[in-house]
Amino acid sequence: PSALAAYCLMLGDDALVLSHRLSQWCSNAPDLEIDIALANIALDLLGQARLLLARAAAADPSVRPALPAGSPVPDEDALAFFRDGHQFRNVRLVEQSSGDFAATIVRLMFFSCWRLALLQRLVDSRDPVLAAIAAKGVKEVAYHRDFAGRWFVTLADGTEESRRRIVGAIELIRPQLAELFTDHPVEAAAVANGFGIAPSSTAAEVDTVVDQLFTAATLQRPQEPISTPEATPSGRDGQHTEALGPMLTEMQSVARAHPTGSW
Amino acid sequence: PSALAAYCLMLGDDALVLSHRLSQWCSNAPDLEIDIALANIALDLLGQARLLLARAAAADPSVRPALPAGSPVPDEDALAFFRDGHQFRNVRLVEQSSGDFAATIVRLMFFSCWRLALLQRLVDSRDPVLAAIAAKGVKEVAYHRDFAGRWFVTLADGTEESRRRIVGAIELIRPQLAELFTDHPVEAAAVANGFGIAPSSTAAEVDTVVDQLFTAATLQRPQEPISTPEATPSGRDGQHTEALGPMLTEMQSVARAHPTGSW
Amino acid sequence: PAQTEEFEAIIARNDRIEPRDWMPAAYRKTLIRQIAQHAHSEIIGMQPEGAWITRAPSLRRKAILLAKVQDEAGHGLYLYSATETLGTSRDDLTRMLIMGRQKYSSIFNYPTPSYADVGTIGWLVDGAAICNQVPLCRTSYGPYGRAMIRICKEESFHQRQGYELLATMMRGTAEQQAMVQESVNRFWWPALMMFGPPDGDSPNTAQSMAWGIKRDTNDALRQKFVDMSVPQAEALGVTFPDPDLRWNADRDHYDFGEPDWEEFWSVVKGNGPCNQQRIEHRKRAYDDGAWVREAATAHAAKVRERAG
Amino acid sequence: PAQTEEFEAIIARNDRIEPRDWMPAAYRKTLIRQIAQHAHSEIIGMQPEGAWITRAPSLRRKAILLAKVQDEAGHGLYLYSATETLGTSRDDLTRMLIMGRQKYSSIFNYPTPSYADVGTIGWLVDGAAICNQVPLCRTSYGPYGRAMIRICKEESFHQRQGYELLATMMRGTAEQQAMVQESVNRFWWPALMMFGPPDGDSPNTAQSMAWGIKRDTNDALRQKFVDMSVPQAEALGVTFPDPDLRWNADRDHYDFGEPDWEEFWSVVKGNGPCNQQRIEHRKRAYDDGAWVREAATAHAAKVRERAG
């Protein structure tokens, strides 16, 4: 596929998969306000995913999976519901089950700090569609980061149990962070062509923001893996953890049972 | 379908679905001995399901779902993996998520008491295949009942928490029991033709056995729903709870992704 | 006394009772029961549709569904707030719900085994709810009436979205059309039961109407719903599973069969297909979230303390 | 002293040390570490394959897989029993595992994203395990050696089943064939790493061999595994992702490339793709089951008490 399409799939899949994980909180959150907030964030990310997947298909129609003749399935749905796991390009961080609320917050905090830094740079993309998607996304993700940051501090400061859970969640997520800041050849091509961002270029800024949040939470930041290079192939290459397959099976089940259906 | 095929699907689906639920304990049980025992029970029920589904397809090939030409899928797998939820004929009791170990034990206890009573009568079926399947199953299910009964008493007697959980599990399962003892037209036809059993005819015996177990566990038996008639259509009619769909989506995902695959 | 006269005067001139006004204890109790039941219904009602969020067959439908279920959480929030003006707390009411001591609409004890159910719930269940709720916008208790105005607006949006999903599916494959009909078959009678038992078996109606808490009888609302729904079904191309359903030119209304009231009472008493499951789900979410709520409370206290 | 001489004499004549025999503290400690690590590997090893039980694509494969994972639980059980003869308890060792203070085979930190992985684990991972374990049937500690005899018998059964699954898939659709090759590509190098670091980087080997706990060096076993696997791959119709793999007639062995030892140490240190997930899973099962184990203990105590 073209570098632009491949790059849009990466950013789109990140949003789609995390949106799915967050949407699983719906009717399960600790209180109604959190339930509503997490649904909001899931909706924002879903909106970003839809725009990015549509942009990918427009940039290179060959990324659209084959469907039966006469299928009315739009591009965004063909990409979301008819690709297999190894065709997804999201970072592995987003595909894990949400875990408890502490794990959800810690992941959302790291993800939002990182994505905000990316989108802030992406508003200057040479691709006007990407630039517009980024401009819209910046406002949304800034809210996500604030929400996650506020709860990060609240849980770290709250009770012994909530602090223990936050510390455990940080420990669990640690090895999944390096991937966020490792430049993939597609991202390198996107930089070369002026429409994309090297994630490594956001590392210093993200580091600073995360440091501030850890300080506000009076938490010791664990030995930093953000700059550690990834040895093995990553989610960007279609290599995923065991969590993605079952998630996609569920997500795609109705769409795949009716490949010529209208919804 | 013929009454014999329909009847075999009922008994086969009960075993298949409960086997699936029990198999989800694998690597998750409270200790290794329980892990091994639950896998054993799941394997026994899976074996019963395979024989019963094969018998259904042999009795009436029209129950076999259509598959692409040249598909090497055997009858038992066509029935297990290529029927939709509304074509499954299991009682709704077996399709719920297992819940905690107490809920698993309480369900297995009721199910085994009931199925043992059915199979003991079914050894005299006019259908020699059903009679043979029943004869093999009686020994297996007698062990399942003993296992469940032993843990039922252990948990009721153990700690305050285990007793509380057992009581909660009994309360949760109560409304799902009536279906077990309600005769379905297919079962009535099976009785009329001499190859099947009316589940209502097992109620008294099951009642007695369950009473003994409650006495051994020094538990008050809740007001008995066993004889309550079911008003609404049942799992035997293909009307299922929300639990079956996601379970089948998962179970059937690989088989359906490769309808002409060989395994 | 003067208070009672004042109260009855407000009711008589169809004006609103406000939280600071005096009100009879029975009025307050009835209101709390009714609003709490309504709030619980919104919250429990998130489950049957919410189960499909992760399986919605298009991204557009996923967004619509997620936003809708989120709206239900919002409705629950307004309504719990309305009960708080009557001197209760959300936490107390939630505990009453999960201990089975307060009810919610029985419709949510029916399962949603197919995606068409998302549409049917929007069309018929939200439709029936709107018939029940529009009159409540004029209810005598101010905070309740105002919450209902906002809720009804969103509900009719949901109803149109549900109808539109079904209409789209009816233009789709034969399988999709069959899914819609099957779903409508399952939900039609339970939807009719949403208006409550026949007027003769509804002892509280008279008092509630006198207090302006309720504005129409169960049977009148049920008739209105049937009259509204039949032409919509014809436009969709689906039928209702009622052989007695036909136009009666003399009455200028549709005649229709009697719902199975035995089933109704059985579901109300807790023996519906999903009663246990719904309460368990809520209880689990409440219990699992306890540590978060405690942490938030502890953090707020520490912040206040540090602020001196 | 006499004890040491006696011990060394038993070792020298390749006889078994039994639980009642005197043994050096370091021998005991090394054995506990090695057997516990092996037991943990069996238990953790239930996860990557166990995840596919609910998705096995045929009922026959479901039965085979469930029975296999159950066997792994059984192996864990024998091995924990063997460590108990050395004065430990299963519960202590499990706690060491979930606190990350004892290791298990790194191979189980790789994910199993496709059903072909079930076959590949049987063929290559169980195959490598057998190469490692067959010599252990002659290990100097009796209970360990006897457990290994039983385990090796079952493992070779599993290996044949895994190979047979892959062979069946290779006779299937083009998609299935691609799944097999993709899976083999992912598992080949990690399987080679199962024999441990090169002999030069394996400081404990010499002492373990002297004590008869270990019988062959890492590199010797690795060579044996490669020599065994290449013809099997040819028969299957798959290739291994190693450009340096070729027959060397002079050595009468296959030459092969160097595994990525940096990745090996990184995974050992906890940074593999699934380390956290595997330990979390085990910890959750252990924690969630605590009330059951407590109930069983309490019940047994009450029974004893009632018996007087």
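The basis for the numbers below is simple: all heavy atoms, side chains too, and nothing from hydrogens, waters or symmetry mates. Everything numeric in this text was worked out from a predicted model, so none of it was measured. Letters A, B, ... mirror the listed sequences (proteins, then strands); counts begin at 1.
- With a threshold of 4.5 angstrom between heavy atoms, C:A56 approaches chain A through N, CA, C or O but not through any side-chain atom.
- If you measure heavy-atom distances from C:R55 to chain A, the contacts under 4.5 Å come from both the backbone and the side chain.
- When heavy atoms are compared at a cutoff of 4.5 Å, A:W151 approaches chain C solely by way of its side chain, counted from C-beta outward.
- By number of non-hydrogen pairs under 4.5 angstrom with chain A, the leading residue of C:R284, C:H281, C:R293, C:R171 is C:H281.
- Counting heavy-atom neighbours within 6.0 Å of C:F157 CZ, excluding the residue itself, gives a total of 12 or less.
- The two residues C:A298 and A:T159 make their nearest non-hydrogen contact at CB-CG2, 3.8 Å.
- Using a 4.5 Å heavy-atom cutoff, the side chains of A:F81 and C:L59 are in contact.
- Residues C:Q47 and A:S27 have side chains that never bring a donor and an acceptor to within less than 3.5 angstrom of each other.
- In this structure, C:R60 fails the cation-pi test against A:W263, since its NZ or CZ atom is not both closer than 6.0 Å to the six-membered ring centre and inside 45 degrees of the ring normal.
- Listed options C:R282, C:R90, C:E175, C:M170 were ranked by heavy-atom pairs under 4.5 angstrom with chain A; first place goes to C:R90.
- At a 4.5 Å heavy-atom cutoff, C:Y286 makes no contact with chain A through either its backbone or its side chain.
- A:L155 is not listed as a side-chain neighbour of C:H299, based on a closest heavy-atom distance of 4.5 Å or more.
- Counting only distance, with no hydrogens or angles, the side chain of C:Q70 and the backbone of A:I36 share a donor-acceptor pair below 3.5 Å.
- Residue contact with chain C, scored on non-hydrogen atoms closer than 4.5 Å, involves the backbone of A:A29 exclusively.
- With rounding to the nearest 0.5 Å, the separation of SG in A:C26 from CD1 in C:I53 is 3.5 Å.
- Only the side chain of A:R165 comes within contact range of chain C, with at least one heavy atom under 4.5 Å from a heavy atom of that chain.
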- Task: Step by step, work out the salt bridge (Lys or Arg N to Asp or Glu O under 4.0 Å) result for C:R306 and A:D157.
- Result: CA-CA 12 Å; C:R306 280 181 216 127; A:D157 183 54; 2.5 Å; yes
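- Using a 4.5 Å cut-off between heavy atoms, A:S253 contacts chain C through its side chain alone, with no backbone atom that close.
- For C:I43, the part lying near chain A is the side chain, with the backbone staying farther off; criterion is any non-hydrogen pair under 4.5 Å.
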